[in-house]
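The structure is given below, and queries will be raised subsequently.
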Number of protein chains: 2
Amino acid sequence: MDKLFKYFQKYTTLNVESRATLEKICSIVNIKKGENLQSFGQTCKTIYFINAGIARIYYYKDGVDITESFSFEGEIIARVESLFTGNPSQKAIQVLEDTEVIAINASQLFSLYDAHPQIERLFMLIFEAGYVETVNRIESIQFHSAEERYLALLKKPQLIQKIPLKHIASYLGITQVSLSRIRAHIN
Amino acid sequence: MDKLFKYFQKYTTLNVESRATLEKICSIVNIKKGENLQSFGQTCKTIYFINAGIARIYYYKDGVDITESFSFEGEIIARVESLFTGNPSQKAIQVLEDTEVIAINASQLFSLYDAHPQIERLFMLIFEAGYVETVNRIESIQFHSAEERYLALLKKPQLIQKIPLKHIASYLGITQVSLSRIRAHIN
DNA sequence: TCAATCCTTTAACATTTGATAAATAATCAA
DNA sequence: TTGATTATTTATCAAATGTTAAAGGATTGA
């Protein structure tokens with residue numbers, strides 16, 4: 001769990017008691033490449049921290065597999081629109097390599113807030129950071145061309161090297177064919 | 001301030017003391033159509049609640065005015081990417097009608113959290129709801145055509161009737177000319 | 001190793017959106 | 001009210017992306 005608490009340390013310092021309390025609602029999960037960590041239709045009640053590997057949130061639109069986001073080692077992943085509303089999620093979480101995650105039980109987490117202000121504050125800060133990321137992503141999607149967005153992704157080698165282009169294409173909001181064209185064009 | 005506390009009531013019930021504390025960091029601001037409530041380059045230190053009127057967050061990209069979001073009576077507006085990072089915002093908030101807002105001093109608000117768990121919880125829930133909205137907006141921008149998104153906006157008459165089409169066009173991520181074409185096409 | 005499957009590229013044509021310019025309509029301030 | 005400014009539409013051509021189909025590469029499991 002050390003990697004997780006090192007991650008938490010970026011946001012706030014937890015006392016021994018808060019840490020022990022948090023550890024109790026965390027568990028390590030290992031999962032094989034290609035499998036779903038969470039499936040369609042369930043209400044999201046888990047927040048994941050990636051110890052090693054890669055995961056993506058995806059869904060089907062008109063039968064087409066669309067990637068909403070990728071997460072890498074040392075990052076958090078959760079289906080926010082379900083976690084915070086209690087509605088069943090139409091999205092799933094799949095791992096793109098053999099992956100180890102720490103699963104944080106969100107129902108239990110939320111119920112800790114009253115008695116553990118440090119924990120509430122920690123997740124307030126984590127969610128704020130996620131919120132900022134999505135706001136910045138809207139700007140990127142809406143006002144940069146697919147080519148510009150692809151060029152930006154090239155600066156994240158972990159993403160480009162390890163993820164199938166079809167997922168990158170849908171993440172960029174374009175077809176795989178269009179991404180191939182862009183790749184041919186920029187060489 | 002009643003409208004604001006009725007809004008808060010949707011998220012959580014505040015005790016008398018929390019309400020009184022919150023009221024102290026709120027102030028009413030009136031501003032004329034077309035003016036900026038907050039300008040470019042400042043760090044965002046205010047969260048606004050709209051008592052009456054319409055506001056938008058916008059910025060310039062390559063000299064072109066881009067609308068990031070609209071907010072209406074009874075809604076919250078803030079430049080999240082600055083508020084939560086402390087970085088200066090490249091965005092401004094402008095009102096599109098004569099508008100009355102309640103300005104909530106964010107620096108003071110954040111410093112209330114430790115002593116007032118109810119207030120912290122309230123804003124945790126408000127920010128969570130905003131986070132969910134932006135996640136849903138990403139889905140809408142990325143995977144629906146401009147025409148589909150415009151048709152969806154038609155269901156919000158307050159937006160369509162009161163906001164210049166040029167702002168709606170940039171909000172949709174297309175040019176004004178393209179929006180005109182879409183409007184002509186669907187009739 | 002080999003066959004089957006999945007991934008990626010290429011090509012041809014269709015559709016959408018952008019850029020620019022010009023015309024018309026609406027709004028605003030003196 | 002009127003002239004100036006701003007907003008919206010229309011037209012034309014260019015560029016970007018979508019759709020479909022086909023071919024070649026890479027990967028994987030038996």
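None of these values were measured; they are calculated from a predicted model. In what follows, chains carry the letters A, B, and so on, assigned in the order in which the sequence lines appear, proteins first and then strands, with residues in each chain numbered from 1.
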- [ ] For B:Gly173, report the nucleic acid contact type (base, sugar-phosphate, nothing); a contact means any heavy atom under 4.0 Å.
- [x]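 Since only primed, P, OP1 and OP2 atoms lie under 4.0 Å of B:Gly173, the category is sugar-phosphate.
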Task: Verify same cluster id: B:Ile138, B:Tyr59 (apolar side-chain graph, 4.5 Å) - done: no
TODO: Please list all pairs passing the ring-ring contact (aromatic ring centres under 6.0 Å, His included) test where one or both residues lie in residues 10-35 of chain B, with sequence neighbours left out.
DONE: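 As it turns out, the ring-ring contact (aromatic ring centres under 6.0 Å, His included) pairs with a partner in residues 10-35 of chain B, which skip direct neighbours, are B:Tyr7-B:Tyr11.
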Open item on the list: Can you tell me how the ring of B:Phe110 sits relative to the ring of B:Tyr113, calling it parallel under 30°, perpendicular over 60° and tilted otherwise?
Closed with: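 B:Phe110 and B:Tyr113: tilted rings.
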Task: NZ (B:Lys156) with more than 12 external heavy atoms under 6.0 Å - done: no
TODO: Sequence neighbours left out, what passes side-chain contact (heavy atoms from CB on, under 4.5 Å) with B:Lys3? Give chain and number order.
DONE: B:Phe49, B:Asn51, B:Glu73
Task: Sidechain N-carboxylate O distance under 4.0 Å for A:Asp98, A:Lys33 - done: no
TODO: Give the C-alpha distance, both sets of side-chain angles, the deciding distance and a yes or no for salt bridge (charged side-chain N to carboxylate O under 4.0 Å, His left out) between A:Arg137 and A:Glu133.
DONE: CA-CA 6 Å; A:Arg137 177 135 184 250; A:Glu133 246 185 73; over 6 Å; no
All N/O contacts under 3.5 Å from nucleotides 24-30 of chain C to the protein, with atom names and distances to one decimal?
residue, atom, partner, partner atom, Å
C:dC28, OP1, B:Lys33, NZ, 3.2

TODO: Go through DNA chain D in 5' to 3' direction and return only the first and the last nucleotide with some atom under 4.0 Å of chain A's heavy atoms.
DONE: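 The protein-touched segment is D:dT17 to D:dT28.
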TODO: Classify the angle between the aromatic ring planes of A:Phe127 and A:Phe84 as parallel (below 30°), tilted (30 to 60°) or perpendicular (above 60°).
DONE: perpendicular
TODO: Describe, in one word, how the ring planes of B:Tyr60 and B:Phe40 are oriented to each other, choosing from parallel (under 30°), tilted (30 to 60°) and perpendicular (over 60°).
DONE: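 Answer is tilted, since the angle falls between 30° and 60°.
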Task: Sorted by number, the residues of residues 58-73 of chain A with heavy-atom contact under 4.0 Å to DNA chain D - done: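 Residues of residues 58-73 of chain A that come under 4.0 Å of DNA chain D do not exist, since none gets that close.
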TODO: To the nearest 0.5 angstrom, please state how far the CD atom of B:Glu139 sits from the NE2 atom of B:His144.
DONE: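 The distance works out to 6.5 Å.
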Open item on the list: When you group the ILVMFWY residues by side-chain heavy-atom contacts below 4.5 Å and let the links chain together, are A:Ile66 and A:Val80 in the same group?
Closed with: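 No, separate clusters.
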TODO: Search all heavy atoms of A:Ser71 against all heavy atoms of A:Ile50 and return the closest pair with its distance.
DONE: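 A:Ser71 and A:Ile50 have their closest heavy atoms at O-CD1, 3.4 Å.
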Open item on the list: Checking B:Arg183 now: which residues fulfil salt bridge (Lys or Arg N to Asp or Glu O under 4.0 Å) with it, not counting sequence neighbours?
Closed with: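 Checked B:Arg183 against salt bridge (Lys or Arg N to Asp or Glu O under 4.0 Å); zero matches.
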Open item on the list: Test your reading of the model: is there a side-chain donor-acceptor pair from B:Thr43 to the backbone of B:Gly86, 3.5 Å cut-off?
Closed with: yes
Just the atom pairs and distances: protein N or O near nucleotides 7-14 of chain C's N or O, under 3.5 Å.
residue, atom, partner, partner atom, Å
C:dC7, OP1, A:Lys166, NZ, 2.9
C:dC7, OP2, A:Lys166, NZ, 2.5
C:dT8, OP1, A:Leu165, N, 3.2
C:dT8, OP2, A:Leu165, N, 2.9
C:dT8, OP2, A:Lys166, N, 3.2
C:dT9, OP1, A:Arg183, NE, 3.2
C:dT9, OP1, A:Arg183, NH2, 2.9
C:dT9, OP2, A:Ser180, OG, 2.7
C:dT9, OP2, A:Arg183, NE, 3.4
C:dT9, O5', A:Ser180, OG, 3.3

TODO: Run through the side-chain heavy atoms of Ile, Leu, Val, Met, Phe, Trp and Tyr, join any pair under 4.5 Å, and report what else lands in B:Tyr150's cluster.
DONE: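 Taking Ile, Leu, Val, Met, Phe, Trp and Tyr as members, B:Tyr150 shares its hydrophobic cluster with B:Ile54, B:Phe70, B:Phe72, B:Leu96, B:Leu151, B:Leu153, B:Leu154, B:Leu159, B:Ile160, B:Ile163, B:Leu165, B:Ile168, B:Tyr171, B:Leu172, B:Ile174, B:Leu179, B:Ile182, B:Ile186.
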Task: All side-chain contact (heavy atoms from CB on, under 4.5 Å) counterparts of B:Ala78, not counting sequence neighbours - done: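 B:Ala78 satisfies side-chain contact (heavy atoms from CB on, under 4.5 Å) with B:Ile47, B:Leu83 only.
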Task: Neighbours of DNA chain C within residues 145-156 of chain B, by heavy-atom distance under 4.0 Å - done: B:Ala146
Open item on the list: If hydrophobic residues (ILVMFWY) are linked whenever their side-chain heavy atoms come closer than 4.5 Å, directly or via other members, who joins B:Val16 in its cluster?
Closed with: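 Its cluster mates, by chain and number: none.
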Task: Axis-to-axis angle between the two ends of the helix from C:dT1-D:dA30 to C:dA30-D:dT1 (five base pairs per end, rounded to 10 degrees) - done: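 It works out to 60° between the end axes.
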